[in-house]
Asker: 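Structure provided below as structure tokens; questions to follow.
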Amino acid sequence: MPKLDESLLTGLPPFSLLDRAQIREILDQAVSRRYDEGTAIFREGHDADRFHLLLDGYLRVIRSTPGGDQIIVLHISPGQLFGIAPALQRDTYPATAIAAAESIALSWPVRVWDDFIARYPGFATESYKTLGQRLGQIQETLTEMATQAVEKRVACALLRMVHQSGRKSDKGIEIAFPVTRQNISDMTGTTLHTVSRLLSAWQKDGIVESTRKRIVVTNPHALVVLSEA
DNA sequence: TCATTAAGTATGC
DNA sequence: GCATACTTAATGA
């Protein structure tokens with residue numbers, strides 16, 4: 001394993017208060033791995049032996065319902081901790097993490113978690129902050145699912161992905177990772193057919209432009225209006 | 001308003 | 001050329 005460069009972690013929220021030597025310590029305990037698109041980093045219910053940080057790429061976090069179908073709970077973007085079961089006092093992962101695009105992640109054994117919390121200033125507060133934000137976001141989309149019409153839910157899901165991973169292209173803002181209509185239906189509790197119809201209609205209205213697995217939002221404002229309508 | 005069924009086209013390895 | 005992604009229409013809860 002090549003030595004990891006310190007610049008990988010400097011500036012990231014959980015480590016922003018640390019000096020060079022401390023970041024070096026942390027990196028020396030880390031393992032770096034690459035994941036192909038579609039690969040699982042860990043699976044729901046499995047032994048949570050490591051916690052992770054995404055360096056590059058995007059992840060889908062999936063939970064399966066008692067009914068057996070899978071819903072996409074949230075996405076992880078670069079710089080974020082994930083699989084932090086120890087912060088939840090759990091010894092199994094509460095969800096499955098799949099690489100939505102080719103991704104690179106660092107990981108540490110869970111036994112160093114308490115050590116990190118104790119020794120590195122800011123690590124605890126930042127970790128629990130992202131945890132809280134995530135729970136809030138999940139709860140928000142959950143009530144949205146229960147109360148809002150399908151069109152609004154899909155508009156909101158697109159906007160969330162744009163906010164999290166949008167990058168400018170010549171036509172508008174492109175979602176930075178591959179998304180299928182099935183994926184969007186898994187985020188919004190509808191069918192891929194309905195998502196397909198909505199995207200087709202929005203394309204006709206000049207709001208989005210999509211090819212297979214790629215979506216560009218050409219009129220974000222119109223989408224915001226739809227999400228609030 | 002939306003899911004389901006069904007039957008098609010398009011796309012990329 | 002096959003599997004996967006996507007589209008569209010029809011039907012009915």
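Each chain gets a letter, A, B and so on, in the order its sequence line appears, and its residues count up from 1. Everything numeric here is computed off the predicted structure, so don't read it as measured data.
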Asker: Identify whether any heavy atom of A:T190 sits under 4.0 Å from a base atom; if not, whether one sits that close to sugar-phosphate; answer base, sugar-phosphate or nothing.
Answerer: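 Sugar-phosphate contact only.
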Asker: Distance under 4.0 Å to a non-hydrogen atom of chain A counts as contact; along DNA chain B, which nucleotides mark the start and end?
Answerer: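 Contact span on the strand: B:dC2 to B:dG12.
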Asker: Please give, in whole Å, the distance from C:dT4 C1' to A:Q182 CD?
Answerer: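 Those two atoms, CD and C1', are 12 Å apart.
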Asker: Measure the acute angle between the ring planes of A:F51 and A:F116, then classify it against the limits of 30° and 60° as parallel, tilted or perpendicular.
Answerer: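 Answer is perpendicular, since the angle exceeds 60°.
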Asker: Test A:T39 against A:D36 for side chain to side chain donor-acceptor pair (under 3.5 Å), laying out the working first.
Answerer: CA-CA 6 Å; A:T39 320; A:D36 284 325; 5.0 Å; no
Asker: Rounded to whole angstroms, how far apart are CZ on A:R212 and P on C:dT7?
Answerer: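 It is 10 Å, rounded to the nearest whole Å.
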Asker: Rounded to the Å, how far apart are A:H193 NE2 and C:dG12 C1'?
Answerer: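 Nearest whole value for this atom pair: 15 Å.
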Asker: Cut-off 3.5 Å, side chains only: do A:Q70 and A:T65 have a donor facing an acceptor?
Answerer: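 Short answer, no.
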Asker: Would you please confirm or rule out a distance under 4.0 Å between OP1 or OP2 of C:dT8 and any side-chain N or O of A:S200?
Answerer: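 True: A:S200 side-chain N/O within range (under 4.0 Å) of C:dT8 OP1/OP2.
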Asker: Regarding A:E209 and A:T218, do their side chains bring together a donor and an acceptor under 3.5 Å, going by distance alone?
Answerer: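 On atom types as modelled, these side chains do not qualify, holding no pair under 3.5 Å.
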Asker: Look at the side chain of A:R197 and the base of C:dT8, then say whether one donor and one acceptor between them are separated by less than 3.5 Å.
Answerer: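 Side chain to base: no pair below 3.5 Å.
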Asker: Is A:T191 touching bases, backbone alone, or none of the nucleic acid, heavy atoms closer than 4.0 Å?
Answerer: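 Base: the residue A:T191, judged by heavy atoms under 4.0 Å, touches a nucleobase.
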Asker: Does A:R181 reach a base, just sugar-phosphate, or nothing at all? Heavy atoms under 4.0 Å.
Answerer: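 Counting heavy atoms under 4.0 Å across all strands, the contact made by A:R181 is with sugar-phosphate only.
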Asker: Write down the distance between CH2 (A:W202) and C1' (C:dC6), rounded to a whole number of angstrom.
Answerer: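 Distance check: A:W202 CH2 to C:dC6 C1' gives 16 Å.
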Asker: Verify whether one side chain among A:R153 and A:T188 offers a donor that lies under 3.5 Å from an acceptor in the other.
Answerer: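 A:T188 and A:R153 do not have a side-chain donor-acceptor pair below 3.5 Å.
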Asker: When the ring centroid of A:H75 is compared with that of A:Y58, is the distance short of 6.0 Å?
Answerer: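 Not under 6.0 Å, so no.
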